[in-house]
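Below is one structure, written out as structure tokens; comments come after it.
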Amino acid sequence: MATAKANMEKNPYENMKRLSPRKRAFKQMAGRFFQNKLAVIGGVFTILLICTAILAPVLAPYDPVEQDYAKYLESPSAENWFGTDEIGRDILSRVIYGAQVSIKAGIISVGIALAIGLPIGLFSGYYRGKLDEYVVMRLTDAILAFPPLVLALALAAVLGAGLENAMLAIGIVYVPTFVRLMRAEVLSQREREYVEAAKASGIRDLKIIFLHIFPNCLGPILVQATLAIAGAIIAEASLSYLGLGTQPPTPSWGSMLSMGQGYLAEAPWIALFPGVFIFITVLSINLFGDGLRDALDPKMK
Amino acid sequence: MARFIVRRLGLMFVILLLVSMIIFSLVHITPGDPALMMLGQEATPEALEALRERLGLNLPLYEQYLNWVGGVIQGDLGNSIKDNTPVLSILLQKLPVTIQLTVFAFVIALMIAIPAGILSATKKGTIWDYAGTSFALSGVSIPPFFLGILLIFIFSITLGWLPPSGYVEPWVDLKQSILLMIMPAIAIGIRLSAEITRMLRSSMLEVLGADYIRTAYSKGLLGKTVIVGHALRNALIPVVTIGGLQLATFFGGAVITETIFAVPGLGRLVIDGILTRDFPVVQGAVLLMAVVVVIVNFVVDILYSILDPRIKLTGGQS
């Protein structure tokens, strides 16, 4: 008895035992996440970028839209760390303000996709039936047949150029992904014992769906949403690059790249700095999302 | 097998029907007058009425749709608003360019992905693995337009090795045509190659742990024979599906890449169509892309079930 007690005290998970199962699972997940160095680096960079976006007015040394023809196309210097563009605007300030557009576009487009996709997936997966198989599934099949960027472009063109419409278009394009994922998760959950128990005790369907099934599906949704934000940032930059997203003079990384392409020989910094920032942002979010996935599901990989 | 194919074929037609409805409604159900969208705000009322008449916009919606689909089935995709050329002939003129780009990009993608995938799986945990994995991660994170601009900056402007942009038919000047295709093909192929590397690595790892690989080694077969002859063959099965699934993303990349490098293919056509509001052209090009994606995915599904007999042929459900 005494040795058994001593062994228990040595158990590193001893203090975890007092936690509720959900808290313990969360703690173990966080432990696995923090062991993954790349994921932590990705997370830190992501947080830094979000801070940059929020603090842009404080951090930016100059007004991002102020033109100064006296110093156009100047190379990076102590005064203008990233140089200036063709009408003398400070690239560093524009890159900092560009983070606002990118982060906002990523979060809002994915928010739209979640708001439309999750309820459809939840009900479709829970009730199944003809509506699920013949309408929801086939319609998502059809939307997924379109190249996502082309569909977003066409939608943005029909809705009219501008950041808001671009975010709406990108959000709509991501809807089927979340419908499919949510539905698949619900399908695997609805056969579990806890759902049967809830049904047997006479709990209403709506309550089962939202209070019991939905919270158990959140993990994979969170991972997919994170990775989708990275995709949405590329999509917004692509639309802005093609002139259908953020409109001038508002600085966005995509439109800065397209302007800078014309000056690649004499002033490469105009295009290269925003490009590097898109790359780092998307890479960080992807690293973070991958780490999240591995931490949530240690069997994968 | 026959039942599976028939079922899958039926499903494909349903999807194609829905695809055609989506494309149609994109222009016709969305708020605003399509004629006004095509001609712009400064159009005169007479010009608007004439265009509506020409496009049959005064008819009821279902009749417009039936007319359009009826035309599409007979190969009539309407005429370009810009110069009245039949959309079909424009598409047929642009398609070979995009096919050429696609072939180049797939060759480059496989040339990188197969060695990278094999190396990072067989030498798991070594520097090779880290190199392969980092490549895969960077490849999916770099936007194609930035990669394209970076390539132009490095290889055309700084080093002067490659022409920056443009297109020449291969039968006009083969060497120049290939030189012009290299950068666009890399810009668009890197993402594909990153996805394939990722997939190949994980499926190779799974296969390498299988009993029959141990048996092959214990028979005294050489490492190379086992890896290429046994492991790679089986590991490539899931990779085939990636090719199909990635095709849609690939077309999206083509839009951007063809714009950067001034390649006159389907992608460039979509953008030009959108920017000049030539909606019949946009509808036709997008329809063509979606049809290709649907057909390729159908073929991949069938191939998949032939390659891997373990897959149940119930089909249709996903």
Side-chain angles (χ1 to χ4, degrees), chain A residues 38 42 133-134 137-160 180 184 227 230-231 233-235 237-238 241-244 253-254 257-258 260-261 264-266 268 271-272 274-276 278-287 290 300-301, chain B residues 11 14-19 21-23 26-27 30-32 37 137-138 140-150 152-153 156-158 164 202 205 247-256 259-260 267 270-271 273-275 277 279 282-283 285-286 289-291 293-294 297 316-318:
Chain A
L38 282 176
E133 192 181 340
Y134 294 110
M137 282 288 96
R138 300 296 75 88
L139 211 57
T140 51
D141 271 340
I143 299 177
L144 289 170
F146 290 96
L149 183 65
V150 174
L151 189 58
L153 269 171
L155 279 170
V158 172
L159 295 170
R180 286 292 178 98
L227 298 173
I233 289 177
I234 293 195
S238 305
Y241 174 84
L242 296 167
L244 286 163
W253 293 340
L257 261 166
S258 94
Q261 196 183 350
L264 219 43
E266 61 266 55
L272 295 186
V276 168
I278 304 179
F279 176 53
I280 294 175
T281 306
V282 175
L283 183 64
S284 309
I285 299 175
N286 277 337
L287 282 172
D290 279 357
M300 296 265 294
K301 240 199 160 174
Chain B
L11 193 67
V14 173
I15 295 173
L16 285 177
L17 196 69
L18 287 169
V19 161
M21 287 181 186
I22 294 173
I23 292 179
L26 258 181
V27 177
T30 36
M37 270 200 295
L137 251 170
S138 317
V140 294
S141 302
I142 193 161
F145 52 92
F146 178 49
L147 184 59
I149 288 175
L150 208 58
I152 295 179
F153 178 65
S156 303
I157 293 175
T158 312
S202 63
L205 280 176
L247 194 69
T249 316
F250 186 87
F251 276 133
V255 172
I256 295 273
T259 307
I260 296 175
V270 170
I271 282 296
I274 284 175
L275 295 179
R277 302 180 168 274
F279 283 97
V282 177
Q283 278 185 329
V286 175
M289 287 180 178
V291 167
V293 170
V294 171
N297 278 319
Q317 288 288 349
S318 41

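Values below: every heavy atom of this structure, side chains too, minus hydrogens, waters and symmetry copies. Just so we're on the same page: letters track the sequence lines, and every chain starts at 1.
No other option in A:V276, A:L38, A:I280, A:I233 has as many heavy-atom pairs under 4.5 Å with chain B as A:V276. Here B:I22 is the residue among B:I22, B:L150, B:V255 with the most heavy-atom pairs under 4.5 Å with chain A. Chain A forms more heavy-atom pairs under 4.5 Å with one residue of B:I152, B:L17, B:I15 than with any other, namely B:I15. Among the candidates B:V294, B:L137, B:L247, B:I23, the residue making the largest number of heavy-atom pairs closer than 4.5 Å to chain A is B:L137. For the options B:I260, B:V270, B:T158, heavy-atom pairs under 4.5 Å to chain A are most numerous at B:I260. Ranked by non-hydrogen atom pairs under 4.5 Å with chain A, the options B:V293, B:I157, B:V282, B:V286 are led by B:I157.
Heavy-atom distances place the side chain of B:I271, and not its backbone, under 4.5 Å from chain A. Residue contact with chain B, scored on non-hydrogen atoms closer than 4.5 Å, is absent for A:A230. Neither the backbone nor the side chain of B:V291 comes within contact range of chain A; no heavy atom of the residue lies under 4.5 Å from a heavy atom of that chain. The contact between A:F146 and chain B is made by backbone and side chain atoms together, counting heavy-atom distances below 4.5 Å.
Residues A:D141 and B:V14 are not in side-chain contact: their nearest non-hydrogen atoms beyond the backbone lie 4.5 Å or more apart. With contacts defined as side-chain heavy-atom distances shorter than 4.5 Å, the pair B:F145/A:L242 does not qualify. Inter-residue side-chain proximity for A:L149 and B:T249 is flagged as unmet; no heavy-atom pair is nearer than 4.5 Å.
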Quick one, B:I142 with A:V282, criterion side-chain contact (heavy atoms from CB on, under 4.5 Å). Give me CA distance, side-chain angles, the key distance, then yes/no.
CA-CA 7 Å; B:I142 193 161; A:V282 175; over 6 Å; no
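Under the side-chain contact (heavy atoms from CB on, under 4.5 Å) criterion, A:P147 pairs with A:V150, B:F251, B:M289, sequence neighbours left out.
In plain terms, the two heavy atoms of B:I274 and A:L244 that are nearest each other are CG2-CD1, 3.8 Å. Across A:A154 and B:L26, no two heavy atoms sit closer than the pair CB-CD1, 3.8 Å.
Of the candidates A:I278, A:L257, A:I234, A:L257 is the only one forming a side-chain contact (heavy atoms from CB on, under 4.5 Å) with B:F146.
Here the CD1-CG distance, from A:I143 to B:L18, works out to 9.0 Å after rounding to the nearest 0.5 Å.
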